[in-house]
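In what follows, a single structure is set out as structure tokens and then discussed.
Below, chains carry the letters A, B, ... as their sequence lines are ordered, and counting in each starts from 1.
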Amino acid sequence: MSAGPAVEVRGLIKNFGDVRALDGLDLTVDAGSVAGFLGPNGAGKSTTLRILLGLLRADGGTARLLGGDPWADAVALHRRLAYVPGDVALWPTLTGGEVIDLLGRLRGRADARRRDELLERFDLDPTRKTRAYSKGNRQKVALVAALAADVDLLVLDEPTSGLDPLKEEVFTECIGEARAAGRSVLLSSHVLSEVEKLCDTVTIIRNGRTVESGTLTELRHLTRSTVTADVAADPSGLAALPGVHDLSRDGHRVRFQVDNAHLDTVVAALATLGLDSLVCTPPSLEQLFLQHYGDALPVPDAVGAR
Amino acid sequence: MSAATTLPAPVPAPLPARVSAGAGQLTGTGVLLRAALRRNRRRLVTWVLALGGITVYAAVALGAVYPTAADRQARAAVMETPAGILLSGPGFGTDDYTLGAMIANELGLTVLVAVSIMSISLVVRQTRAEEESGNAELLLAAAVGRRAPLASALALMAIADVAVAVVITAGLAGAGLAAVDAAALAVGFALTGAVFGAVAAVTAQLFVQARAASGSALAVLGAAVLVRGVGDVLHHSGSPLSWLSPIAWAQQTRAFVDLRWEPLGLSVALAAVLAALALRLSARRDVGAGLLTPRRGPAAASGWLAGPVALLARLQRGTVAGWTAAMLLLGLTFGSLTDSVTDMIAGNPRLATVFGGEGAGLTDSFTAAAGLYYGLCAAAFTVGSVLRLRGEETAGRLELLLAGGVDRRRVLGAGLAVACAAAVLLLLVAGLGGGLAAAAVSGRAGAVPDQLGTALVQLPAVLLLGALTAVLVAAVPRRSGLAWVAVCWVALLGMFGPLLQLPGWAARLSPFGWLPRVPAVDVDVAPLAVLLLVAAALGAVALLAFRRRDLSG
Ligand SMILES: Nc1ncnc2c1ncn2[C@@H]1O[C@H](COP(=O)(O)OP(=O)(O)OP(=O)(O)O)[C@@H](O)[C@H]1O
Ligand SMILES: [Mg+2]
């Protein structure tokens with residue numbers, strides 16, 4: 001494996017005619033880590049992944065994949081990665097088993113034991129023609145083919161779309177095993193709980209641009225917590241503290257938002273006011289993402305209105 | 001409160017009573033038809049104008065090429081040969097070969113086949129293809145009756161057929177031909193189109209894949225053409241065998257000779273019966289399903305399914321098998337007729353002068369003409385086969401292959417290789433079938449190498465069209481359907497070139513025009529080598545271009 005990051009994208013630009021799908025996107029996947037890739041519909045996730053696979057050609061910026069160039073070194077790189085496309089289309093006249101074998105052989109390293117084990121775990125009947133599969137079962141074909149491969153990197157575009165909760169669980173285990181085996185994973189998703197469970201780092205994009213990236217803890221740090229406190233003294237001075245927003249009071253009870261970066265100074269100030277009780281709620285992941293997805297910052301408003 | 005309990009419980013508005021089992025099954029047909037017309041308007045206009053244009057052009061050109069009765073009589077003699085009959089019509093009016101009789105007899109078959117292909121493709125596009133892509137599901141979930149998609153497809157086809165009839169009638173009448181006969185000819189075209197469109201409506205109910213639906217309808221069309229041809233060769237003006245073929249019914253109106261409308265009654269009846277059958281079937285089956293219940297298959301891929309060549313070969317094996325059978329039939333037909341050509345020369349010295357050759361010379365030029373048909377069929381297959389790569393791309397499956405570590409050039413090369421290998425097979429089978437049949441009826445063993453030679457000499461032109469298609473797929477994927485224009489172009493030049501006595505340079509606008517007419521003339525290697533070089537260069541361009549572009553849906 002290469003020493004550097006598994007994926008490194010800087011300032012990526014892609015135009016489709018006069019539509020700018022990617023507009024200076026940055027993305028890093030550290031070797032051996034699981035990276036979540038998030039963004040609203042049409043943000044450019046699939047486009048980015050398809051550029052990383054050399055299926056599309058970037059109009060600007062740089063992209064490195066496993067130390068190589070995704071366009072020029074496509075074939076060599078593809079032997080070291082496995083991909084699950086966003087829309088899984090399979091050859092309707094082949095059986096699921098045939099498709100899995102074919103994809104394995106193309107890559108050159110098929111592991112029959114692992115394939116059978118995955119078929120078992122995902123509860124997929126390989127003897128059916130892919131035309132006769134349900135959506136979830138088609139997805140499983142692509143997943144089994146990808147997870148059975150002995151590769152350095154997994155590129156997964158909404159891999160659990162269509163899976164039932166039990167199979168989602170199996171998928172979660174498989175990603176854990178992949179990480180344990182030292183594989184890197186880049187995973188686009190709309191399922192926030194899945195991202196929270198699986199991912200070491202998260203990149204959030206909007207309109208083809210990266211708006212936030214880092215570990216979940218880091219991202220949390222960048223947002224605000226909600227503080228509710230009962231204090232003995234007059235709390236109105238709190239509003240002037242840096243990082244405090246939307247302060248409201250009701251007698252001795254005070255409620256406000258605070259930037260997590262300023263939490264310690266605010267808590268110290270609260271302590272001087274004679275604390276009776278203190279509740280500090282970190283932002284839910286949902287709020288975190290919504291804040292980045294939407295135009296407005298809905299978190300403070302929603303809470304402040306209560 | 002207590003009063004409320006005495007009130008009758010509120011009754012939900014009753015659902016409209018079901019008048020009959022069929023009620024509402026056609027709901028939405030009009031909306032679907034309008035949408036289909038809008039979506040297909042360019043396709044419709046192209047078809048109608050092309051068919052109308054060819055007919056009118058041929059009328060004018062034939063008048064110019066054969067201005068006198070003597071010219072036309074000489075032409076009639078050619079048309080009375082088995083080859084002439086097979087490739088044109090039953091030969092009404094050959095004793096007084098007027099321009100009208102000439103058009104009905106010689107142009108009729110081509111237009112009949114073209115109108116039928118148009119009808120088949122329109123019907124399948126609107127029915128099975130929509131189901132295969134999943135669009136139909138969305139439609140049927142709206143307030144659309146079960147039979148509406150098929151009904152609207154048939155209506156679309158009918159509109160196209162009527163438009164063709166109107167344009168051709170107007171064109172021929174405008175060119176100074178008898179209007180009533182022109183109308184009969186044109187109505188015959190339209191009704192025959194409707195018959196085969198209705199055949200496609202039935203096959204679209206039977207097969208799950210659009211390709212299989214149109215392929216089997218085209219096979220029925222091919223069989224009808226052959227049956228008509230053989231039947232008419234057996235007996236001038238048609239034998240009972242001819243009347244089994246819907247193609248014959250349109251020709252049997254004897255337009256411009258001794259007009260009768262009755263045979264068209266058969267076309268109307270058959271089209272109506274088939275359409276009714278298809279509508280019945282469409283209302284009874286599951287959406288997306290065919291008649292055959294899906295079977296299980298192997299749990300693991302067999303050892304050879306390990307690369308793009310194997311995959312593409314596997315995906316096309318059914319198509320290739322169908323084409324092989326058709327080419328064998330074509331070869332057997334041409335081959336078995338070779339002998340009767342020679343017989344006819346022996347009994348008709350005037351024919352020999354028309355051909356300017358001995359009996360053997362005539363046999364050879366007949367064989368060479370057969371070769372052209374083998375070549376055109378192989379070219380049509382090859383173009384379709386290379387275009388499957390584009391189909392794989394739009395379906396999103398090429399993405400899986402490429403992301404699986406296959407070089408783009410390897411995928412395109414595999415597509416070309418499979419297409420070319422199959423084309424060789426088709427030409428071999430046609431030539432062998434033709435040769436064996438000719439040898440069997442004439443007892444002349446030399447017929448086998450003659451037929452094989454004329455078939456295989458087509459290969460460079462076939463490969464060139466395949467490579468041209470690859471360039472389109474690689475460089476202008478969204479326009480790759482233009483390859484069919486090239487196929488139509490070479491087919492028209494090949495079939496009408498001799499008919500219209502086009503000058504040599506015009507014939508050479510098609511790769512087939514460069515081929516030596518083996519066995520009538522000796523093999524000339526130079527043009528074959530040039531064609532192969534051009535094909536190779538186009539192939540190289542395609543490989544280069546395919547590396548450079550985005551994959552697109
Ligand atoms: N082949 C194409 N031609 C034109 N525009 C395209 C093409 N592919 C993507 N786009 C546009 O690029 C933008 C990004 O699309 P992309 O598929 O990458 O979004 P996404 O983040 O994957 O969305 P989703 O969550 O819905 O999957 C969209 O505006 C889309 O319309
Ligand atoms: Mg997407």
Which residues, numbered in order, of residues 48-57 of chain A come under 4.5 angstrom of chain B by heavy-atom distance? A:Arg50, A:Leu53, A:Gly54, A:Leu55, A:Leu56, A:Arg57

Tell me the residues of residues 18-30 of chain A whose non-hydrogen atoms fall below 4.5 Å from those of chain B, in number order. none

Contact winner vs chain B - [options], heavy-atom pairs under 4.5 Å:
options                               : answer
A:Gly97, A:Pro92, A:Ala76, A:Gly96    : A:Gly97
A:Ala82, A:Pro126, A:Ala142, A:Ala112 : A:Pro126
A:Leu94, A:Leu119, A:Ile100           : A:Leu94
A:Val88, A:Leu106, A:Thr95            : A:Leu106

Can you give me the closest heavy-atom contact between [X] and [Y], atom names plus distance?
X        : Y        : answer
B:Ala395 : A:Ala89  : O-CB, 2.9 Å
B:Thr394 : B:Gly391 : OG1-O, 3.0 Å
B:Thr319 : B:Arg388 : OG1-NH1, 3.8 Å

Can you tell me how far the [atom1] atom of [X] sits from the [atom2] atom of [Y], to the nearest 0.5 Å?
X        : Y        : atom1 : atom2 : value
A:Leu186 : A:Leu156 : CG    : CG    : 7.5 Å
B:Phe381 : B:Thr324 : CZ    : OG1   : 7.5 Å
A:Arg131 : B:Glu132 : CZ    : CD    : 7.0 Å
A:Thr160 : A:Glu194 : OG1   : CD    : 3.5 Å

Under the salt bridge (charged side-chain N to carboxylate O under 4.0 Å, His left out) test, which residues partner B:Arg285, sequence neighbours left out? B:Glu131

Which residues pass the salt bridge (charged side-chain N to carboxylate O under 4.0 Å, His left out) test with B:Arg397, not counting sequence neighbours? B:Glu392

In the structure I gave you, are the side-chain heavy atoms of B:Leu281 and B:Leu206 within less than 4.5 Å of one another anywhere? yes

Counting only non-hydrogen atoms closer than 4.5 Å, does [X] touch chain A with its backbone (N, CA, C, O), its side chain (CB onward), both, or neither?
X        : result
B:Arg549 : backbone
B:Ser302 : backbone
B:Leu311 : side chain

Please walk me through it: do A:Ile205 and A:Lys45 pass side-chain contact (heavy atoms from CB on, under 4.5 Å)? CA-CA 8 Å; A:Ile205 68 168; A:Lys45 301 180 295 296; 3.9 Å; yes

Examine whether an atom of A:Asp116 lies under 4.5 Å from a heavy atom of chain B, and if so say whether it belongs to the side chain, the backbone or both; otherwise answer neither. neither

Answer yes or no on whether A:Lys167 is positioned over the face of A:Phe171, meaning its NZ or CZ is under 6.0 Å from the six-membered ring centre and within 45° of the axis. no

Option among A:Leu154, A:Leu118, A:Leu163, A:Leu124 that satisfies the side-chain contact (heavy atoms from CB on, under 4.5 Å) test with A:Leu143: A:Leu163

